[in-house]
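All heavy atoms count here, side chains included; hydrogens, waters and symmetry mates do not.
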Amino acid sequence: MTADPVIRNLILSLTGTCNYACAYCYAAYHPENRMSVDTALKAVDMAGQSGQPFILQFTGGEPLLAFSTIRAVTEHVEVKEYPAIIQLQTNASLMTDAITEYLKHHKIAVGVSLDGRPPVNDSLRKMKNGNSASEATIRGIRLLAAKKVPIGLTCVVTDANVKALPGIVQMAYYLGNVRQIGFDLLRCQGRGTALHPAAPQDVAMAVEQCYALAQQLEKATGIHILFSQLEKIRKIASGKACSFGQCYAMHGEEAYVTSDGKIYACSSLAGDPAFLLGNVQDGMDPERTKKAGLFIAEAMRACKECPHLSVCGGGCFTRWQGRNGKAEEECAMQQTFAKIYLGQGV
């Protein structure tokens with residue numbers, strides 16, 4: 001008999017609805033209804049039953065449209081004393097003083113989506129009502145900064161913004177409370193199918209420029225900002241992480257729960273029946289979970305055979321999917337960060 005999967009990464013899509021209409025949104029066609037509190041609590045109990053630490057991330061759509069559910073889930077986790085690291089991924093446009101105070105008090109880590117300086121960001125991230133997405137997001141970040149809440153920035157990289165990528169570093173230092181930047185290379189799902197990935201050589205050059213600029217601004221300000229991809233390499237090199245450690249789906253340890261309670265192997269695979277693992281009412285099917293993980297592992301065989309694997313840690317299956325077995329821009333990014341780590345870059 002196969003044991004129930006141990007969930008180490010639980011992602012709750014609280015609603016498919018969003019007040020933005022980002023050009024590349026891979027969740028654009030997810031269910032738009034709001035997740036019930038009962039569904040959310042069942043999902044959390046499913047992850048918490050193992051007693052093992054897990055990441056609990058609120059996402060969407062825009063999760064702050066369902067802030068009452070965030071509050072209910074957070075307080076349930078605290079009452080149950082589950083060993084969860086709680087995270088929120090948001091566009092920050094709906095932030096208020098009360099929400100920022102709540103996030104700070106309950107130690108909820110905040111990630112904000114931003115793709116560069118306002119002209120670049122507004123070309124990719126648009127509000128549904130036509131207003132500037134940058135203006136609303138920056139207002140929300142400033143509210144967080146006023147409460148001394150540190151944030152991470154997630155920057156989606158496409159061929160449309162890769163040559164202006166140093167702008168995200170400038171924005172990070174301008175905003176003041178950014179502690180980490182992560183580059184999320186385009187995933188060709190949802191609306192992302194209409195966009196094009198950045199060219200590998202452009203990605204490599206942009207990474208070098210971003211790192212060099214961050215070094216200069218750190219000397220000028222004394223503020224150190226991490227790059228997520230570089231930190232991943234540091235952890236692998238120090239033995240604190242393993243290859244493909246970031247791919248919980250490959251190991252059968254991720255549960256992405258849609259607002260209607262279905263469980264998928266990964267957020268980018270929602271809606272694909274091959275990666276449907278169950279539902280919160282009945283739990284994750286161990287056989288389907290194992291099968292999905294093995295499929296992902298086999299699909300990444302070329303990556304596993306790469307001589308750079310021990311440094312870069314491996315690519316993302318959902319970026320490689322349907323790309324002739326390789327996302328070259330991801331390899332370029334990881335290898336450039338690896339050279340920086342090894343002292344061979346800028």
Side-chain angles (χ1 to χ4, degrees), residues 1-17 26-27 29-61 63 66 68-89 108 189 242 244-300 316-318 321:
M1 182 175 179
T2 306
D4 289 338
V6 173
I7 298 169
R8 300 192 186 278
N9 196 42
L10 175 66
I11 305 174
L12 301 183
S13 178
L14 299 183
T15 174
T17 303
Y26 65 81
Y29 307 119
H30 290 188
E32 291 195 354
N33 56 301
R34 181 176 295 189
M35 182 181 289
S36 70
V37 171
D38 181 62
T39 295
L41 297 187
K42 281 179 178 168
V44 171
D45 287 339
M46 180 180 64
Q49 67 184 356
S50 72
Q52 299 296 312
F54 65 97
I55 297 167
L56 166 58
Q57 184 180 101
F58 299 118
T59 186
S68 60
T69 308
I70 292 175
R71 194 167 50 223
V73 170
T74 299
E75 291 163 21
H76 181 73
V77 166
E78 292 171 347
V79 168
K80 291 283 190 176
E81 298 184 343
Y82 288 140
I85 298 170
I86 306 179
Q87 303 174 345
L88 168 70
Q89 186 63 39
I108 299 174
Q189 290 96 22
C242 61
F244 294 105
Q246 85 286 357
C247 185
Y248 294 97
M250 182 185 291
H251 305 293
E253 297 172 343
E254 178 160 319
Y256 176 81
V257 185
T258 59
S259 56
D260 57 357
K262 293 185 178 69
I263 303 171
Y264 288 90
C266 172
S267 58
S268 296
L269 299 171
D272 187 334
F275 297 97
L276 175 64
L277 307 182
N279 58 72
V280 297
Q281 192 67 42
D282 303 316
M284 292 169 67
D285 182 281
E287 291 301 325
R288 291 186 68 86
T289 302
K290 181 180 179 181
K291 183 178 178 181
L294 290 173
F295 183 89
I296 293 170
E298 179 60 28
M300 302 303 289
C316 172
F317 165 71
T318 60
Q321 198 177 21

Given Leu12 and Val44, is the side chain to side chain contact (heavy atoms under 4.5 Å, CB included) satisfied, shown in steps?
CA-CA 9 Å; Leu12 301 183; Val44 171; 4.2 Å; yes
Any chance you could lay out the side chain to side chain contact (heavy atoms under 4.5 Å, CB included) test for Phe244 and Ile296, step after step, and finish with the verdict?
CA-CA 11 Å; Phe244 294 105; Ile296 293 170; over 6 Å; no
How long is the straight-line distance from CD of Gln49 back to CD1 of Ile7, given to the nearest 0.5 Å?
7.0 Å
Taking all non-hydrogen atoms of both residues into account, name the closest pair between Thr39 and Gly261 and its distance.
CG2-CA, 3.8 Å
Check Gly60 against Pro63 and note the closest heavy-atom contact, atom names and distance.
N-CD, 4.0 Å
Check side-chain hydrogen bond (donor to acceptor under 3.5 Å, both in side chains) between Tyr256 and all other residues, then give those that pass, not counting sequence neighbours.
Ser13, His30
Restricting to side-chain contact (heavy atoms from CB on, under 4.5 Å), what partner residues turn up for Thr69, sequence neighbours left out?
Leu14, Val37, Ala40, Ala66, Val73
Distance in Å, Asp272 CG paired with Gln321 CD, rounded so as to fall on 0.5 Å steps
6.5 Å
So do the side chains of Val6 and Phe54 get within less than 4.5 Å of each other, counting heavy atoms only?
no
Parallel, tilted or perpendicular, as decided by the 30° and 60° cut-offs, for the rings of Phe275 and Phe317
tilted
Rounded to the nearest 0.5 Å, what's the gap from OG1 on Thr258 to CE on Met35? Could you check?
6.5 Å
Set out, in order, the CA-CA distance, both residues' side-chain angles and the distance that settles side chain to side chain contact (heavy atoms under 4.5 Å, CB included) for Asn9 and Glu253, then state yes or no.
CA-CA 6 Å; Asn9 196 42; Glu253 297 172 343; over 6 Å; no
Suppose we screen for ring pair (Phe, Tyr, Trp, His ring centres under 6.0 Å). Which residues come up paired with Tyr82, at least two apart in sequence or across chains?
none
Show me the donor-acceptor pairs within less than 3.5 Å that the side chains of residues 262-270 make with the rest of the protein, sequence neighbours left out.
from	atom 1	to	atom 2	distance (Å)
Lys262	NZ	Asp260	OD2	3.2
Ser267	OG	Tyr26	OH	3.3
Ser268	OG	Arg187	NH1	2.6

If I take atom CG from residue Asp282 and atom CE from residue Met46, how far apart are they, to the nearest 0.5 angstrom?
11.0 Å
Report the C-alpha separation of Asp45 and Lys80 in whole Å, then their side-chain angles, then the decisive distance to 0.1 Å, and conclude whether the side chain to side chain contact (heavy atoms under 4.5 Å, CB included) test is met.
CA-CA 9 Å; Asp45 287 339; Lys80 291 283 190 176; 4.3 Å; yes
Identify, with sequence neighbours excluded, every residue that meets side-chain hydrogen bond (donor to acceptor under 3.5 Å, both in side chains) alongside Asp285.
none
Value for CD (Gln52) from CZ (Arg8), rounded to nearest 0.5 Å, stands at 5.5 Å
Could you pull out all residues at least two apart from Arg34 that satisfy side-chain hydrogen bond (donor to acceptor under 3.5 Å, both in side chains)?
none
Any non-hydrogen side-chain atom of Cys316 less than 4.5 Å from a side-chain atom of Cys247?
no
Quick one: pull up CE in Met284 and CD in Glu254 and give me the separation to the nearest 0.5 Å.
9.0 Å
Correct closest heavy-atom pair for Ala292 and Leu277 would be CB-CD2, 4.1 Å
